Protein chains: 2
Amino acid sequence: MPETRTPNRPIYRQVAEQIAEEIKAGILPADARISSERELAERYGISRMTARAAINILAQRGLIVRRNRSRAYVAQPKFRFDLSSPGGLHEQLRKAGVEPGAKLITAEMLPYDALSPKVVQALVLDEGASVYHIVRVRTANGEPIAVEDSYFPAHLFPDLLDFNLTDSIYGILRKYFAVEPAGSVQELEISLLDAEWAEIMGVAVDLPTLEIWRQAFTADNIPFEFAHDIYRGDRILFIARTAGPESFLAGSGQLWQQALDNLQADGA
Amino acid sequence: MPETRTPNRPIYRQVAEQIAEEIKAGILPADARISSERELAERYGISRMTARAAINILAQRGLIVRRNRSRAYVAQPKFRFDLSSPGGLHEQLRKAGVEPGAKLITAEMLPYDALSPKVVQALVLDEGASVYHIVRVRTANGEPIAVEDSYFPAHLFPDLLDFNLTDSIYGILRKYFAVEPAGSVQELEISLLDAEWAEIMGVAVDLPTLEIWRQAFTADNIPFEFAHDIYRGDRILFIARTAGPESFLAGSGQLWQQALDNLQADGA
DNA sequence: AAGTGGTCTAGACCACCAT
DNA sequence: TGGTGGTCTAGACCACTTC
């Protein structure tokens, strides 16, 4: 019976904190394999269920990543995604030196009759108008980080499905349809990844996520996209800017970045 | 041994789904008390640990709320908060017919030497400048929904601490200091509520949250606030707008709202 | 005083994965 | 084939809430 670290705090939380400290201190570097639940149980003299509870906390907090039903590994730093940037996820990842990817799950044209009212309303569709429905799993350096469930008015983007839909869709819209995303209204919700999406993404169920419903507009205020995105909260850090001249914000961004780096260094 | 509902899906998840359906169907209305873990265990012929796992899922998903160490109750609908609106949380809640409140945790003046580099950088402080440090728990209809940990340059807001800091701080800045929030840069992170903040807020640990680091600017691009906010993800729905003329967005907002109501009705 | 949630144990079986 | 995570059990003790 090894003595427990601090009193009055549950054991599973103490164990989680200890592992978290080892990760922050670099003793367990990124991609290092975490001890198995049974090993942890023996090492700390606790039951496996208690060790498992500790691991669960770390996984939900994004400090470790479970791959399939296999062991857990120390997570790489989170990816950054600017919600208010006109550039899509694909372009932002590439600029950051990350290899973006997409796995096409669904690509279909839906006739007007098959559309739910929310799509019709969000895209302000005329009677009879059909839409393209595209579902993709987005990856960063091969790791699944999001799913996008998007709808585009077919009359705006003829033959959209013939393009390579694993590329940046916003890039396609720009290059071939001269559509420039100019604004959006988004609704954000913190949620847990449900079993169906978890399976599609190939990641663990119940991961905390940022769920976004987005209506995107052209400069002429034509809604050209309605999307339902789910981003892994354990793997992504989000940026958002409101108002303010872009030039200034670009400058302050660096300062901001510095400040946050210091935050990290403090070890919050 | 009562037969299990559907095959191949863990029991605790089936029980959670069943309770979730009862909530969505209105059989369990808002504020209704959920059966105790032992009652559920007996009713479904499962162990208490399994029943507890089901309850945990519902709590993290925001369908039920635990009060202290007491029983769980069906949650009220989530509050809405527009991240890109210049109006603060206080004003937005009031407009929505919700009673906003704040509990002052800390109100102090910090000398320059006591400041962390991140505060100095974010507020672009001159050597020797001091700041006001204010920590508040924000409530909606008496329910704790967020904590705000904010820093204001003292030279911009002399005697700020003498005001009633349970009112809207942005309101105070407007009325008495003629400072109009004009823009912000925010960094958002999905996280789980840690034990310290959970205790300060008086809610359960490990609730999914939206954590925000914010640098707010005046129309003259003077950073007047640096804040670290933590919002309960299980109780708040967030809105964000990027670009686009306000008039148009105001109009489309209603359409958007309708679309989301339909989404809810679909029972996602 | 009784009931409740929070924690913890020492087992168990299974499906899946790597070897 | 052996180890692993995922699930589940039938208990237990404690602190706290509720009555």
Side-chain angles (χ1 to χ4, degrees), chain A residues 1-17 19 32-60 64-73 192-195 198-199 202-207, chain B residues 1-17 19 31-60 64-74 192-195 198-199 202-207:
Chain A
M1 237 173 289
E3 80 263 81
T4 46
R5 298 271 146 192
T6 53
N8 213 4
R9 197 183 298 230
I11 298 174
Y12 69 91
R13 208 161 285 279
Q14 294 175 42
V15 172
E17 278 167 19
I19 297 173
R33 202 173 61 182
I34 299 292
S35 305
S36 79
E37 295 169 359
R38 288 170 177 87
E39 283 169 6
L40 285 175
E42 194 178 7
R43 182 188 315 161
Y44 289 99
I46 58 182
S47 78
R48 189 185 146 216
M49 287 294 274
T50 304
R52 179 170 174 74
I55 297 274
N56 277 341
I57 289 181
L58 297 172
Q60 279 211 316
I64 66 176
V65 176
R66 276 197 252 261
R67 299 186 186 151
N68 286 328
R69 275 186 158 77
S70 183
R71 284 205 179 182
Y73 298 80
L192 301 193
L193 194 58
D194 70 30
E199 181 159 3
V203 300
V205 70
D206 284 341
L207 281 180
Chain B
M1 239 172 289
E3 80 265 79
T4 45
R5 298 271 148 192
T6 53
N8 213 4
R9 197 184 298 231
I11 299 174
Y12 69 90
R13 208 161 287 277
Q14 294 175 43
V15 172
E17 278 167 20
I19 297 172
D31 282 329
R33 202 174 60 180
I34 300 292
S35 305
S36 78
E37 294 170 359
R38 287 169 177 88
E39 283 170 4
L40 286 174
E42 194 178 7
R43 181 188 316 162
Y44 290 98
I46 59 182
S47 79
R48 188 186 146 215
M49 288 294 273
T50 303
R52 179 171 174 75
I55 297 271
N56 278 341
I57 290 181
L58 297 172
Q60 279 211 315
I64 66 175
V65 177
R66 277 198 251 259
R67 300 185 187 151
N68 285 329
R69 276 184 156 77
S70 182
R71 284 206 178 183
Y73 297 80
V74 176
L192 301 193
L193 194 58
D194 71 29
E199 180 160 2
V203 301
V205 70
D206 284 339
L207 280 180

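None of the values given here were measured: they were computed from a predicted structure. The sequence lines fix the lettering, A, B, ..., with proteins before strands; numbering per chain opens at 1.
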Q: Heavy atoms under 4.0 Å is the rule here; annotate nucleotides 12-19 of chain D 5' to 3' with B where the base is hit, S where only the sugar-phosphate is, and - elsewhere.
A: B---SSS-
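- Considering CD1 of B:I34 and OH of B:Y73, their distance stands at 10.5 Å, rounded to 0.5 Å.
- The side chain to side chain contact (heavy atoms under 4.5 Å, CB included) check on A:A53 picks up A:Y12, with sequence neighbours excluded.
- Regarding contacts with the backbone of D:dT7, every side-chain N or O of B:T50 stays at 4.0 angstrom or more from both OP1 and OP2.
- Rounded to an integer number of Å, the gap from B:I46 CD1 to D:dC8 C1' is 10 Å.
- Every residue two or more places apart in sequence or in another chain that forms a side-chain hydrogen bond (donor to acceptor under 3.5 Å, both in side chains) with B:N56 is listed here: B:R66.
- With sequence neighbours excluded, the residues satisfying side-chain hydrogen bond (donor to acceptor under 3.5 Å, both in side chains) with B:E37 are B:R48, B:R52.
- By the salt bridge (charged side-chain N to carboxylate O under 4.0 Å, His left out) test, B:E39 pairs with B:R71, sequence neighbours left out.
- Note that CG of B:D194 is 11.0 Å distant from CD of B:E199, once rounded to the nearest 0.5 Å.
- Within residues 51-60 of chain A, the residues that place at least one heavy atom under 4.0 Å from DNA chain D are, in residue-number order, A:R52.
- Within the 4.0 Å cut-off from OP1 or OP2 of C:dG3, not a single side-chain nitrogen or oxygen of B:S36 is found.
- Rounded to an integer number of Å, the gap from CZ of B:R13 to P of D:dT7 is 7 Å.
- Listed by chain and number, the residues in a side chain to side chain contact (heavy atoms under 4.5 Å, CB included) with A:A16 are A:A54, A:I57, A:L58 (sequence neighbours excluded).
- For A:E42 and D:dT4, the CD to C1' distance is 15 Å, given to the nearest whole Å.
- In this structure, A:L40 places its CG atom 17 Å from P of D:dG3, rounding to the nearest Å.
- Going from atom CG of A:D206 over to atom C1' of D:dG5 covers 15 Å, rounded to whole Å.
- Across the protein-nucleic acid pair, B:R9 atom CZ and C:dA15 atom P stand 18 Å apart, rounded to whole Å.
- For A:R38, the salt bridge (charged side-chain N to carboxylate O under 4.0 Å, His left out) criterion is met by no residue, not counting sequence neighbours.
- Listed by chain and number, the residues in a side-chain hydrogen bond (donor to acceptor under 3.5 Å, both in side chains) with B:S47 are B:T50 (sequence neighbours excluded).
- At D:dC8, none of the side-chain N or O atoms of B:Y12 fall inside 4.0 Å of OP1 or OP2 (strictly under the cut-off).
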